[in-house]
Protein chains: 2
Amino acid sequence: MQRHERLIQILDLFSQEKPNWELEEIHTALGHSKSTLYRYLKTLTDAGLLTTFPGRGYSLGSRFVEFDYLIRVTDPLIRLAGPVLTQLAETNACVGLLCRRYSDKVLCVFQHTATTKIHSSYERGKARPIFRGAASQVILAHLSAYQLNRLYTPNAAAFSEARLGDDLAGVRQSLSAIRAVGWHATEGQVTPGVVGIAAPLFDERGDITGSYSLTLPAGNVTSEDIRTLGVTVAGAAQEISQTLKKAPAS
Amino acid sequence: MQRHERLIQILDLFSQEKPNWELEEIHTALGHSKSTLYRYLKTLTDAGLLTTFPGRGYSLGSRFVEFDYLIRVTDPLIRLAGPVLTQLAETNACVGLLCRRYSDKVLCVFQHTATTKIHSSYERGKARPIFRGAASQVILAHLSAYQLNRLYTPNAAAFSEARLGDDLAGVRQSLSAIRAVGWHATEGQVTPGVVGIAAPLFDERGDITGSYSLTLPAGNVTSEDIRTLGVTVAGAAQEISQTLKKAPAS
DNA sequence: ATTAATTTTATCATTATGTAGGAATTTTAA
DNA sequence: TTAAAATTCCTACATAATGATAAAATTAAT
């Protein structure tokens, strides 16, 4: 299984800093023979994963845009949680975030901004590690014991830095506390001066699938405000999870 | 190059009708051995092109969402044309569309709706054939003679149905007329009772790269209105193309 | 519209890599 | 904690990938 990885490796080249690659540049970067490279690029282009225009090299193909659309419209979480989140963000003049767990990271899948005080850098399509910030940690708190174990060993330092505990027992305790409260708030773990308040979302089988959160400037809010918002967010999230249970996904 | 195609073939299974696939279902559909299939699925999953959750099978992975984001933020067309288009749509209480050419189809990459009278079904991520509708035909009109030839032979019927002419000479003439006017309007080619008014967008090398268009209900507009809007759209598109020329893409 | 230059694809002998089936392991669920 | 299920590993064998070159397609210029 080395060939397939080499094919897909080509996709890894494309980044925000360098979204366009000439054939020669790919050749230099990855070092295939010209005919092999042309073969690879044709396969990826035919699949819509790359596009090419004469004299302008290769860039990411339409398939990514099309499949993002497909994911968007088939995601029951967005359909259910989106409107409620928008309203919540508007009511509280803050930023609303809907995140999903993808293996060991957390991806923003929907966002609504209802304030100019925060420059939200967390739009649909941006991923974060599962360790920092309320929207991530509330997911972490609901992983199965087995999954937490598996995750902890190679990431002990990250857990420690995120103030979740310095050993597995400590981490378990912190996460258990988050579960007991039903919502979770952090300050400045992602952006300084910004508070995040998050609640967990469960899928139709009752497994953790994402988080529902509000992000607001730390200055204006008391811990009492945070508690009130936490309860609100948790209530909304719970309702969504229950609806999801009744109307199973496709 | 048969192996790689089989890998990517798996992605073709995922659709709006069936966004979730169990291993067994894929096995039935494509007929690899179990170990090979697991190997394929692991490769795709490691690459972020698929995700899997226990008991819920496989679905499209986070990479599509992340790369869509990347494409969105690195697309100079969206950056330049987006705001102007939004304003144009608002002013005229209609739907604004920004499309891009991807080989033989046209993809909507940005949309702004400023009316409730049309149910716009053309959001970011939706693709259409290059033959029907103003937003497509205006791109068709600016293909090179060679590309038009190549496209015509296997699609003569489609050209005819789209009323672009019944032979290559006729098609050339229709398209030449569109070029001469600088904008193009069609009625009901995509949605009955809906008028589309489009102008071409050229990249920094002067090649056709997309279209800029407004979509509005046919009832309320006179052909004089259409002409006025056409000139406006063409002017805006021209300005964008010129800006693009000065500020070359990454 | 024709022609020259460039880019892309096809061909084919050689060599390396993927495949399938069962065993071992990991992960989930009870 | 243990049993069940899902996933990955292992190896002999078959098959397809590779790269140099030739042919074709596409672009650019006249």
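Lettering of chains follows the sequences in order, A, B, ..., and the numbering in each one begins at 1.
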**Prompt:** B/Phe14 and A/Leu70: which non-hydrogen atoms are nearest, and at how many Å?
**Reply:** O-CD1, 3.8 Å
Could you give the [atom1]-to-[atom2] distance, from [X] to [N], as a whole number of Å?
X: B/Phe53; N: C/dT27; atom1: CZ; atom2: C1'; answer: 15 Å
X: B/Asn149; N: D/dA25; atom1: CG; atom2: C1'; answer: 13 Å
X: B/Gln147; N: C/dT8; atom1: CD; atom2: P; answer: 12 Å
X: B/Asp104; N: D/dT26; atom1: CG; atom2: C1'; answer: 14 Å
X: B/Tyr146; N: D/dA29; atom1: OH; atom2: C1'; answer: 16 Å
X: A/Leu41; N: C/dT8; atom1: CG; atom2: P; answer: 9 Å
X: A/Leu37; N: D/dA17; atom1: CG; atom2: C1'; answer: 14 Å
X: B/Leu143; N: D/dT26; atom1: CG; atom2: C1'; answer: 14 Å

**Asked** Are B/Arg79 and B/Asp75 close enough, and set up right, to give a salt bridge (charged side-chain N to carboxylate O under 4.0 Å, His left out), and what steps lead you there?
**Response** CA-CA 7 Å; B/Arg79 217 176 24 235; B/Asp75 188 343; over 6 Å; no
Can you tabulate the close N/O pairs, meaning under 3.5 Å, that link protein atoms to atoms of nucleotides 6-14 of chain D?
unit_1: D/dT7; atom_1: OP2; unit_2: B/Tyr38; atom_2: OH; d: 2.6

Verify the contact: side-chain N or O of [X] to OP1 or OP2 of [N], cut-off strictly under 4.0 Å; return yes or no.
X: B/Tyr40; N: C/dG18; result: no
X: B/Gln2; N: C/dG18; result: no
X: B/Arg205; N: D/dA28; result: yes

**Request:** Check the angle between the aromatic planes of A/Tyr40 and A/His32 and answer parallel, tilted or perpendicular using the 30° and 60° thresholds.
**Result:** perpendicular
**Request:** Report the residue (B/Asp207 or B/Arg6) whose heavy-atom-nearest nucleotide on DNA chain D is the more 5′ of the two.
**Result:** B/Arg6
**Request:** Go through C/dG18, D/dG19, D/dA25 for me and flag the one nearest to the A/Thr36 side chain.
**Result:** D/dG19
**Message:** Using the side-chain heavy atoms of B/Arg3, tell me which of these nucleotides is nearest: C/dA29, D/dT15, C/dT28.
**Reply:** D/dT15
So, the side chain of [X] versus the backbone of [Y]: is there a donor-acceptor pair under 3.5 Å, distance only?
X: B/Trp21; Y: B/Leu13; result: yes
X: A/Ser213; Y: A/Ala198; result: no
X: A/Gln137; Y: A/Ile130; result: no
X: A/Thr51; Y: A/Leu60; result: yes

**Prompt:** DNA chain C: A/Arg150 or B/Gly31, which has the more 5' nearest nucleotide?
**Reply:** B/Gly31
**Item:** Working for side chain to side chain donor-acceptor pair (under 3.5 Å), residues B/Gln9 and B/Arg6
**Value:** CA-CA 5 Å; B/Gln9 190 183 27; B/Arg6 286 195 172 183; 5.3 Å; no
**Complete:** Students should find that the end-to-end axis angle of the helix from C/dA1-D/dT30 to C/dA30-D/dT1, with five pairs defining each axis and rounding to 10 degrees, is 90°
**Message:** For a side chain to side chain contact (heavy atoms under 4.5 Å, CB included) check, start with the C-alpha distance between A/Leu30 and A/Leu37, then their side-chain angles and the critical distance, and finish with the verdict.
**Reply:** CA-CA 9 Å; A/Leu30 302 179; A/Leu37 189 53; 5.5 Å; no
**Prompt:** In Å, rounded to the nearest 0.5 Å, how long is the span from NE2 of A/His184 to OG of A/Ser211?
**Reply:** 10.5 Å
